[in-house]
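Take a look at the structure set out below.
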2 protein chains.
Amino acid sequence: MPMIQKAIEPDVAGESRLEDLVGYHLRRASVADMNDFVRCFRAEGLRPIPFSVLCAIDEQPGTTSAEICRILGLQRANIVSILAEFDERGLIERHSDPNDQRIQRLSLSAEAKSLLPGWRARVVEREEKLFHTLTAGERRTLCELLARVWKGAE
Amino acid sequence: MPMIQKAIEPDVAGESRLEDLVGYHLRRASVADMNDFVRCFRAEGLRPIPFSVLCAIDEQPGTTSAEICRILGLQRANIVSILAEFDERGLIERHSDPNDQRIQRLSLSAEAKSLLPGWRARVVEREEKLFHTLTAGERRTLCELLARVWKGAE
DNA sequence: TATTGTTATACTCTATAACTATA
DNA sequence: TATAGTTATAGAGTATAACAATA
């Protein structure tokens, strides 16, 4: 009985190429996205992480800094300067909570409320350009797979 | 003729949530992967980017620093300290090219050649754990979509 | 002129430890 | 004890500009 040999050996033991590692492609795609974001919002001085903080405050008005950190996966220490800058620029308001003197309730200022929808629309438009090699369905698939990755890693 | 109303309005104009942005999930997943890598290889002092440099040298023996930067999407300036550290640790060798005095041909040392397969296997094993919420097919799909994203963004 | 390797520099993101004030 | 906001600090990754040597 003759041995049947596989025509193609896609992954020899101990021979994984960089191209086969998910982490490699994650980094490349994430860097591409970050750079694109910065390029697009250079004039506004808006960066990816601060933008996500702004969105989180908008989506959870009256939330706290610690809660946003839990939602976005940031360290409490690292959101301080972001919020301080937004405060200086008049984009957020902080109100102390009468029932708990430790916390500050965060909300967008009127100016931020008027600016954010336009910024969001530009972010969506930007993503459509950056991900032009993917169909709308593939973009949703990508989102869903990525979400399962990081939510499963928490 | 009565108006037919949609039961669900998934994305009102100007109302994109953070959860719908690909970039957000890209960052979360990439950070999760990077942190996991660091945790896994803390003892070896091996970080994700240097690891990818090591792999690139292994996969393209005799290549140059500039060429690796083009392959991995790094700045020429940022690979200098990585190669210097590998040199100090005896993991790479640099040979000047007789035909072009500007360039250095890079290759792995014997020690690196003996260590790398084990490291690679652990990286693969690590990814299998990190991406346990994804089937093997979904992991391949993810890789393929991510590759199209960053290759289309260059 | 263009490329290689390099130095210098700066910025963003992330992580950890520790403090204070409140609960 | 535990939590919220904060300060200080460090490290990794990335980006830009410029230089000398070589092509």
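Throughout, a chain's letter reflects where its sequence line sits, starting with A, and its residues are numbered from 1.
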Going from CG on Asp20(A) to NE2 on His25(A), what distance comes out if it is rounded to the nearest 0.5 angstrom? 7.0 Å
Out of curiosity, Thr141(B) OG1 to Glu144(A) CD, how far, rounded to the nearest 0.5 Å? 10.5 Å
Under 4.0 Å between a side-chain N or O of Asn35(A) and OP1 or OP2 of dT14(D)? no
Position toward the 5' end of DNA chain D (nearest nucleotide), Asn78(B) or Asn78(A): Asn78(A)
Phosphate OP1/OP2 of dT12(C) contacted by Arg42(A) side-chain N/O (<4.0 Å): no
Arg70(B) side-chain N/O to dT4(C) phosphate OP1/OP2 under 4.0 Å: yes
Are Ser65(A) and Gln104(A) close enough that some pair of their side-chain heavy atoms sits under 4.5 Å apart? no
Is the ring pair Tyr24(B)/Trp150(A) parallel, tilted or perpendicular, if the boundaries are 30 and 60 degrees? perpendicular
Separation of Asp87(A) atom CG from dG5(D) atom P, in whole Å? 13 Å
Here the distance between atom P of dA21(D) and atom CG of Asn99(B), to the nearest Å, is 21 Å
Heavy atoms only, 4.0 Å cut-off, all strands: where does Arg94(A) land among base, sugar-phosphate and nothing? sugar-phosphate
Within the pair Gln75(B) and dA15(D), is there a side-chain N or O less than 4.0 Å away from OP1 or OP2? yes
If you check the Val80(B) side chain, which of dC13(C), dT6(D), dT6(C) turns out closest? dT6(C)
Hey, does the side chain of Arg47(B) come within less than 4.0 Å of dG13(D)'s phosphate (OP1/OP2), counting only N and O? yes
Nearest-nucleotide comparison on DNA chain D, the residue closer to the 5′ end among Arg76(B) and Pro48(B): Pro48(B)
Classify Val31(B) by what it touches in the nucleic acid, base, sugar-phosphate, or nothing, heavy-atom distance under 4.0 Å. sugar-phosphate
Is there a donor and acceptor pair closer than 3.5 Å between the side chain of Arg102(B) and the base of dG5(C)? no
Ile103(B) has an atom CD1; how far is it from atom C1' of dA20(D), in whole Å? 17 Å
Could you pick out which residue, Pro50(A) or Asp100(B), lies toward the 5' side of DNA chain C when each is mapped onto its nearest nucleotide? Asp100(B)
Does atom CZ of Arg140(A) have more than 12 heavy-atom neighbours, drawn from other residues, nucleotides or ligands, at distances under 6.0 Å? no
What nucleotide among dT22(C), dA4(D), dT6(D) has an atom nearest to a side-chain atom of Ala66(A)? dA4(D)
Under 4.0 angstrom between Ser65(A) side-chain N/O and dG5(D) OP1 or OP2: yes
Could you check Asp97(A) against Ile79(B) and say which one's nearest nucleotide on DNA chain C is further toward the 5' end? Ile79(B)
Phosphate OP1/OP2 of dT14(D): any Arg27(A) side-chain N/O under 4.0 Å: yes
NA contact type, Leu74(A), heavy-atom cut-off 4.0 Å: base, sugar-phosphate, or nothing? sugar-phosphate
Which nucleotide wins on minimum distance to the side chain of Ala77(B), given the candidates dG5(D), dA8(D), dA8(C)? dA8(C)
